[in-house]
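Values below: every heavy atom of this structure, side chains too, minus hydrogens, waters and symmetry copies. Remember, it's a predicted structure, so these values are computed and weren't measured experimentally. Order of listing sets the numbers, starting from 1, for every ligand and every atom in it.
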Amino acid sequence: MGKINKTLGEFIIENQSSFAYSTGELSKLIHAIRLAAKVVNHEVNKAGLVDILGDAGDQNVQGEDQQKLDILANEKFIQTLKNREIVCGIASEEEDSFIEVNSHDELHQNKYVVLIDPLDGSSNIDVNVSVGTIFSVYRRVTPIGSPVTLEDFLQPGRNQVAAGYVVYGTSTMLVYTTGHGVNGFTLNPAIGTFYLSNPDMQFPEDGKIYSVNEGNYIHFPQGVKDYIKYCQEEDGDRPYTSRYIGSLVSDFHRNMIKGGIYMYPKSSKASNGKLRLLYECNPMAFLAEQAKGKASNGYERILDLQPTELHQRVPFFCGSRKMVEKAESFMAKHEAVEFK
Ligand SMILES: O=P(O)(O)OC[C@H]1O[C@](O)(COP(=O)(O)O)[C@@H](O)[C@@H]1O
């Protein structure tokens with residue numbers, strides 16, 4: 001039997017000292033996310049056998065049809081975090097507003113808030129294509145012990161203390177950063193343990209894969225159309241390969257390993273694109289930068305954007321640094337106000 005990789009539990013304890021003013025609270029939080037990920041993984045894996053596929057018949061605050069697995073994953077993550085009393089607030093794609101957790105109780109001086117996309121890639125749930133969970137963690141800005149407010153959630157992405165995703169794919173992986181690089185852990189389903197399988201993950205500086213829903217091509221800004229044409233031209237190592245799974249987590253994961261760019265631009269159909277700044281773009285941008293990649297809205301660094309609403313959307317360009325810069329150079333030739 002070869003060298004047994006470090007478990008996620010061991011890695012968390014070993015790296016706890018690297019967390020600023022570490023009290024073990026962030027470690028407990030990552031432990032809780034690991035537990036919830038295993039519970040959701042179990043549900044996702046047997047989705048075809050039990051009645052948790054398909055529409056739940058309700059819509060979330062963004063007017064999107066909620067899938068049964070969206071709701072189940074949302075409940076499991078919120079329950080797991082609430083029951084462990086390690087956060088003072090939670091915000092989720094599936095919840096209209098944020099949830100306060102024990103914030104008034106003197107006993108619970110919790111300092112972290114968590115934002116989650118419980119099940120990313122909802123359109124792929126029923127067709128057995130990989131989906132994911134995305135999470136983002138901030139230290140609250142309001143005084144500990146006082147009521148949590150929206151201000152604690154509407155922080156620029158650069159303030160994140162941790163971010164990550166779980167991809168429920170051919171294998172289940174948890175990939176995260178606490179600002180000291182990006183590490184990937186693969187679940188051994190036989191014993192329910194995550195093992196360090198991808199230490200120090202990094203985007204190749206350049207790549208040959210572009211991921212965008214080309215079905216929206218005619219609605220895209222001219223800069224994006226020009227960049228897609230550039231990717232398809234016969235020149236040097238182009239044309240690049242088009243790969244679009246339709247699950248941000250899965251497209252990001254592949255591009256981080258192989259080199260590539262993911263784009264969800266604004267369009268004449270969606271003036272701010274589709275992806276949500278707080279629990280989709282900010283966590284993926286933090287991971288991308290920690291993995292030597294880049295993330296912008298085509299013009300500005302995602303992590304420097306000042307959020308104004310819990311569920312606001314922004315255009316998203318993310319991946320290998322040289323590819324994002326190339327896309328930005330095409331965008332720069334055209335006004336950022338296009339489609340405003
Ligand atoms: O079907 P489209 O419009 O290309 O959107 C797909 C994108 O939307 C997402 O599914 C995000 O939305 P959900 O979190 O609601 O699934 C991304 O994972 C994916 O990249």
Original post:
Would D152 and T142 count as a side-chain hydrogen bond (donor to acceptor under 3.5 Å, both in side chains) if you check the C-alpha gap in whole Å, the side-chain angles of each, and the deciding distance to 0.1 Å?
Top reply: CA-CA 7 Å; D152 292 308; T142 53; 2.7 Å; yes

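- With a heavy-atom cut-off of 4.0 Å, D120 touches ligand 1 through backbone and side chain alike.
- Here the heavy atom of the protein found nearest to atom 11 (C) of ligand 1 is E280 OE2, 3.3 Å.
- Placement of I33 and L119 within a single hydrophobic cluster is found when ILVMFWY residues are connected by side-chain heavy-atom separations under 4.5 Å, directly or transitively.
- A side-chain N or O of Q160 and one of S136 form a donor-acceptor pair less than 3.5 Å apart.
- When hydrogens are left out, the protein atom nearest atom 19 (C) of ligand 1 is G246 O, 3.2 Å; that is the closest non-hydrogen contact.
- Close N/O approach between K274 and ligand 1 is found [any backbone or side-chain N/O within under 3.5 Å].
- Considering backbone and side-chain N/O of D117, one or more are found under 3.5 Å from N/O of ligand 1.
- Ring-centre distance between Y262 and Y210: not below the 6.0 Å cut-off.
- Between the side chain of S92 and the main chain of E94, a donor-acceptor pair closer than 3.5 Å is present.
- Within the 6.0 Å centre-distance limit, the rings of F185 and F11 are counted as a close aromatic pair.
- Less than 4.0 angstrom separates some heavy atom of E93 from each of these atoms of ligand 1: 13 (P), 14 (O), 15 (O).
- Checked by distance only, ligand 1 and L248 come closer than 3.5 Å through their nitrogen or oxygen atoms.
- Each of the following atoms of ligand 1 lies closer than 4.0 Å to a heavy atom of Y244: 2 (P), 4 (O), 5 (O), 6 (C), 7 (C), 20 (O).
- Among the atoms of S123, none of the N or O lies under 3.5 angstrom from an N or O of ligand 1.
- Ring centers of F98 and F153: under 6.0 Å apart, within the cut-off.
- With respect to atom 12 (O) of ligand 1, the closest heavy atom belonging to the protein is R276 NH2, 3.2 Å.
- The ligand atoms of ligand 1 that sit less than 4.0 angstrom from a heavy atom of S122 are 13 (P), 15 (O), 16 (O).
- The side-chain heavy atoms of K294 and C318, taken from C-beta on, include no pair separated by under 4.5 Å.
- Below 4.0 Å from some heavy atom of S247 lie the following atoms of ligand 1, by number and element: 18 (O), 20 (O).
- In this structure, R238 satisfies the cation-pi test against Y230, with its NZ or CZ atom closer than 6.0 Å to the six-membered ring centre and inside 45 degrees of the ring normal.
- Atom numbering of ligand 1 starts at 1 in the shown order; those under 4.0 Å from a heavy atom of N213 are 2 (P), 3 (O), 4 (O).
- Cation-pi contact between K229 and Y227: absent, since separation from the ring centre below 6.0 Å together with deviation from the ring axis within 45° is not met.
- Counting heavy atoms closer than 4.0 Å to ligand 1, residue Q66 contributes nothing at all.
- At a threshold of 4.0 Å, the pair K274-E280 does not count as salt-bridged, since none of the basic side-chain nitrogens sits closer than that to a carboxylate oxygen.
- Against a heavy-atom cut-off of under 4.0 Å, Y262 is close to the following atoms of ligand 1: 19 (C), 20 (O).
- Here the protein heavy atom with the shortest distance to atom 3 (O) of ligand 1 is Y264 OH, 2.6 Å.
- Between G121 and ligand 1, an N or O atom pair is found at a separation short of 3.5 Å.
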